[in-house]
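All values below come from the heavy atoms of this structure, side chains included, with hydrogens, waters and symmetry mates left out. All chains are named by letter (A, B, ...) in the order of the sequence lines, taking the proteins before the strands, and each is independently numbered beginning at 1. Source: prediction; values computed, not measured.
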2 protein chains.
Amino acid sequence: MKVLTKKTDYAIRALLMLGSKRGVYLSAKAISTEQDIPYQFLRGLLQEMIRHDLIISKEGAQGGFMLKKDPDEIPIAQLIEIFQGKVQVSECMFRKQLCANRARCVLRHEIMRIEQVVNSEFDKVTIGKLIRDLDAANGMTHGSGETA
Amino acid sequence: MKVLTKKTDYAIRALLMLGSKRGVYLSAKAISTEQDIPYQFLRGLLQEMIRHDLIISKEGAQGGFMLKKDPDEIPIAQLIEIFQGKVQVSECMFRKQLCANRARCVLRHEIMRIEQVVNSEFDKVTIGKLIRDLDAANGMTHGSGETA
DNA sequence: TTAATTGATATCAATATAGTATCAGTTCAA
DNA sequence: TTGAACTGATACTATATTGATATCAATTAA
Ligand code: FES
Ligand code: FES
């Protein structure tokens, strides 16, 4: 069971790069090369993120992409929703004979509770948080540098 | 993002039926009909569950399937693992430049923490618990009967 | 003996995921 | 003012996963 698909995975990495270099345009090529993401595939993801107002772009030479939203306001739950659709545990698992009344179905509640827990966990982790974690981890490794 | 696939969904429903009728063999046909599960597809799932020691079978006329384990000891986490594979968030999301040291990678920890939360939630819900919830729900609807 | 069953497998269809290709339009800079 | 470096838009292909079907041998109860 794969929780994050390549799309989400790549999108997160692209956003991490954009989030680390605020105020400048990064090209799809640069991100693709640096993160080992298939170029055209990445292009599609970036366009999708523009549509969702996460980033902006600038055409032409020296163009590229830049974060639009505050990284702290981009939970990976949103990226999962964009690239993998809303988290849904099951349409309606227990039909007919097994479950007489949908309205007050306890099972359904159980399942939806889990759904919410999962969502809330993914909501807690934002691009901003990941960037800070990343900086901290790299800081520990080699002083205050961030080259490698 | 679909959390439960048809396989898991069907398997849970089959187990709920088996768990509601302890001590007798239920045929694949009966389960298939009652739960609207494609017959041969279900057969495959049942065989898989035999291999995992969740149920036993009896061949021949009047044969069928019966629970082997206590329903309270069948968490749906196990069914997810059997039919959808272990929950894995991502192989290694942040490679190369972004993440210098795998060993103490904070991001990795973050991701794995979510993984554990998800798993533990699915671990809490057992077939036994679902059956009790179900009975309670049906009980509310139409007295103490359990026909419909 | 035969109908009702499971065991074991092979195959197919549908869908989702991952990745590629192409061309038009925009912008910077030589 | 031209061309290289870019994005916008979209069509296409390949691969993997999921969902479903088909077949036939072996077993068992009536
Ligand atoms: S789970 Fe669908 S009505 Fe109860
Ligand atoms: S996430 Fe892979 S090493 Fe940090």
S.K.: Using a cut-off of 4.0 Å on non-hydrogen atoms, how would the nucleic acid contact of B:Ile50 be classed: base, sugar-phosphate, or nothing?
M.R.: sugar-phosphate

S.K.: I'd like to know if A:Glu48 pairs up with A:Lys7 as an ion pair, taking the criterion as any Lys NZ or Arg NE/NH1/NH2 lying under 4.0 Å from an Asp or Glu carboxylate oxygen.
M.R.: no

S.K.: Output the rounded distance in Å from CD (B:Glu48) to P (C:dT6).
M.R.: 17 Å

S.K.: side-chain contact (heavy atoms from CB on, under 4.5 Å) with B:Leu15: which of B:Ile31, B:Leu46, B:Leu67?
M.R.: B:Leu67

S.K.: At 4.0 Å (heavy atoms only), tell me whether A:Gly44 reaches a base, stays on the sugar-phosphate, or touches nothing.
M.R.: nothing

S.K.: For B:Ser32 and B:Ile37, indicate whether the former's side chain and the latter's backbone hold a donor-acceptor pair under 3.5 Å.
M.R.: yes

S.K.: Take the protein atom OH of A:Tyr25 and the nucleotide atom C1' of D:dT7, then report the distance between them rounded to whole Å.
M.R.: 12 Å

S.K.: Quick check against the 3.5 Å criterion: does A:Gln84 have a side-chain atom that pairs as donor or acceptor with the backbone of A:Thr5?
M.R.: yes

S.K.: Please enumerate all protein N or O atoms sitting under 3.5 Å from an N or O of nucleotides 18-22 of chain C, with distances to 0.1 Å.
M.R.:
from, atom 1, to, atom 2, distance (Å)
C:dA18, OP1, A:Lys6, N, 3.3
C:dA18, OP2, A:Lys6, N, 3.1
C:dG19, OP2, A:Tyr10, OH, 3.2

S.K.: Provide, to the nearest angstrom, the distance between the CG atom belonging to A:Leu18 and the P atom belonging to D:dT7.
M.R.: 11 Å

S.K.: C:dT5 P sits how many Å from B:Leu46 CG, rounded?
M.R.: 14 Å

S.K.: Should A:Arg113 and B:Glu121 count as an ion pair when the cut-off is N to O under 4.0 Å?
M.R.: yes

S.K.: Hey, would you say the B:Phe65 and B:Tyr25 ring centroids sit under 6.0 Å apart?
M.R.: no

S.K.: Using atom CZ of B:Phe83 as one end and atom C1' of D:dT17 as the other, report the distance to the nearest whole Å.
M.R.: 16 Å

S.K.: Taking 4.0 angstrom as the limit, do A:Lys2 and A:Asp9 come out as a salt bridge?
M.R.: no

S.K.: In this structure, how many angstroms lie between the P atom of C:dT5 and the CD1 atom of B:Ile31, rounded?
M.R.: 12 Å

S.K.: Roughly how many Å is it from CD1 in B:Ile37 to P in D:dT18, rounded to a whole number?
M.R.: 18 Å

S.K.: Salt bridge between B:Asp72 and B:Arg132, side-chain N to carboxylate O under 4.0 Å?
M.R.: yes

S.K.: Rounded to whole angstrom units, what separation is found between the CG atom of B:Leu26 and the P atom of C:dA4?
M.R.: 18 Å

S.K.: When you measure from the side chain of B:Ser20 to the backbone N and O of B:Leu16, does any donor-acceptor pair fall under 3.5 Å?
M.R.: yes

S.K.: For a quick check, with a 4.0 angstrom heavy-atom cut-off, what is the B/S/- contact string for nucleotides 24-30 of chain C, read 5' to 3'?
M.R.: -BBBS--

S.K.: Taking only the side-chain nitrogens and oxygens of A:Ser27, find out if one of them lies under 4.0 Å from OP1 or OP2 of D:dT7.
M.R.: no

